[in-house]
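This report refers to the structure that appears directly beneath it.
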Amino acid sequence: MIYMNPHAFRRSFLIAAAAFVAAVSLISIGCDTHPPAAASSPAPAPPASAAAASQPQPQAAQDAKAFATGPLVADQQADIAAERTGRVVEIAVQIGDHVKPGQTLALLDDRLLRSAAAAQKAHIASAQASVREWEAEEVSAKASLRRADVLHASNIISDEEWELAKSRVEQTTAAVARYHSEEAAAEADSNVAELQLEQSRVVAPFGGVVGRCSVRPAQEVKTGDVLFWITAEAPLRVLFTVPESAMAAFTVGAALDLTTADYPDLHQQARILRVSPVVDPASGSVQVVGAVVNPSRSLKPGMQMQVRLAP
């Protein structure tokens with residue numbers, strides 16, 4: 001039996017244990033092919049501008065930048081309708097023609113009206129002649145009555161003769177009044193005939209361009225039938241609506257930028273002319289009117305424009 005000192009035995013045991021732990025550690029390091037994970041660090045803070053962009057913006061700011069759409073309109077636009085019933089005998093303009101105020105657009109058959117107008121003028125002339133004739137008779141009758149008054153006062157003529165002179169004055173005065181009335185009626189009829197003659201000419205109420213022609217030669221038209229549509233070419237306005245949440249950004253005088261799909265490279269300037277003081281409760285929107293500044297020749301009334309506030 002071999003005897004070993006207890007202190008030496010303890011020292012040998014500790015040395016062996018340390019060697020074992022070291023061996024196990026080497027084995028585990030060799031088996032792990034991945035480098036040790038680095039200590040986690042906080043992510044860098046985003047730039048201030050990116051953080052601000054990520055924050056939800058107020059609705060008004062978003063809407064102010066958004067596009068609105070609306071048509072171009074002219075200050076003067078009108079449907080030109082027939083003012084009386086008749087047959088079209090001439091069409092003087094076509095679509096695209098430029099017209100001046102009072103220019104003839106079409107003519108209706110007016111032969112019967114011309115005959116009626118001529119007859120009324122003749123009636124007026126006849127009534128005027130009768131008025132002059134009876135006015136002369138009235139003057140003579142009144143002179144005779146004055147003489148009769150003197151003679152009757154001197155008992156030279158009888159009461160019957162004086163009454164006859166007086167009655168003649170009354171008759172001539174009544175005849176003058178009757179023919180004056182007939183003259184006035186004939187003049188009124190003549191005015192109606194002249195008005196109908198004027199209505200036979202379909203005319204442009206203002207200067208502009210013919211945008212639509214809805215009539216053909218020999219067509220029978222009735223009062224109120226629309227024959228033409230005319231629009232002025234300037235000044236141009238753009239009509240659009242904006243949400244109630246964005247109305248504060250759209251103030252009178254604010255600059256607008258107009259674009260259209262028809263001319264992608266065109267940027268037309270405009271300024272807000274009017275803003276409705278009333279919000280449409282059905283749509284929650286406000287009507288805005290913009291005045292186009294120095295409009296491009298490419299722009300035409302009726303074109304749809306995209307509208308946004310100018311930078």
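Side chains are part of it too, since the values below use all heavy atoms of this structure and drop only hydrogens, waters and symmetry mates. Computed from a predicted model, the values in this text were never measured in an experiment.
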Donor-acceptor pair, side chain of [X] and main chain of [Y], under 3.5 angstrom:
X    : Y    : answer
D97  : Q94  : yes
T172 : V169 : yes
Q268 : S296 : yes
S126 : A122 : no
S144 : S140 : yes
E161 : S158 : yes
R271 : G253 : yes

Review point. Counting heavy atoms not belonging to L112, are there more than 12 under 6.0 Å from its CG?
Key: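 Counting neighbours around CG of L112, 12 or fewer heavy atoms of other residues, nucleotides or ligands fall under 6.0 Å, so no.
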
Please answer: with hydrophobic residues joined when any side-chain heavy atoms are less than 4.5 Å apart, are [X] and [Y] in the same cluster?
X    : Y    : value
L309 : V252 : yes
V93  : V215 : yes
V203 : V226 : no
L273 : V292 : no
L227 : V210 : yes

Any side-chain heavy-atom pair of [X] and [Y] under 4.5 Å:
X    : Y    : answer
N294 : Q269 : no
L113 : L197 : yes
R274 : Q287 : no
V99  : I230 : yes
R84  : L108 : yes
F240 : V242 : yes
M305 : L299 : yes

Point to revise | Reference residue E233; test side-chain hydrogen bond (donor to acceptor under 3.5 Å, both in side chains); the match among H98, R297, K300 | key: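 Going through the options one by one, the only one that passes is H98.
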
**Study point:** Any donor-acceptor N or O pair under 3.5 Å, side chains S181, R178
**Key:**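 No, R178 and S181 have no side-chain donor paired with an acceptor closer than 3.5 Å.
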
Please name the pair of heavy atoms, one in [X] and one in [Y], separated by the smallest distance, quoted to 0.1 Å.
X    : Y    : value
L266 : T259 : O-CG2, 3.6 Å
G224 : A81  : O-CB, 3.7 Å
G70  : V238 : O-CG2, 4.1 Å
T251 : A248 : CG2-O, 3.5 Å
A165 : L145 : C-CD1, 4.0 Å
Q304 : T260 : O-OG1, 3.4 Å

How long is the straight-line distance from [atom2] of [Y] back to [atom1] of [X], given to the nearest 0.5 Å?
X    : Y    : atom1 : atom2 : value
N191 : E198 : CG    : CD    : 9.5 Å
I80  : F206 : CD1   : CZ    : 6.0 Å
L164 : D159 : CG    : CG    : 12.5 Å
D110 : R87  : CG    : CZ    : 10.5 Å
Q77  : W229 : CD    : CH2   : 4.5 Å
I95  : F228 : CD1   : CZ    : 9.5 Å

Check your understanding: Charged N to carboxylate O below 4.0 Å: is that the case for E194 and K121?
Key ->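 Yes, this pair counts.
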
Check your understanding: Can a salt bridge be assigned to the pair R212 and D79 using a cut-off of 4.0 Å between side-chain N and carboxylate O?
Key ->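 D79 and R212: salt-bridged.
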
Exercise for review: Start with the C-alpha distance between H123 and Q120, add both sets of side-chain angles, then the distance that settles side chain to side chain contact (heavy atoms under 4.5 Å, CB included), and finish with yes or no.
Suggested key: CA-CA 5 Å; H123 193 181; Q120 291 303 327; 4.2 Å; yes

Practice item. Show the numbers, then the answer: is there a side chain to side chain contact (heavy atoms under 4.5 Å, CB included) between D225 and Q219? Key: CA-CA 11 Å; D225 287 350; Q219 179 180 344; 5.5 Å; no

Exercise for review: Using the side chain to side chain contact (heavy atoms under 4.5 Å, CB included) rule, take V279 and M247 through it: C-alpha gap first, then chi angles, then the decisive distance, then the call.
Suggested key: CA-CA 9 Å; V279 177; M247 62 183 295; 4.3 Å; yes

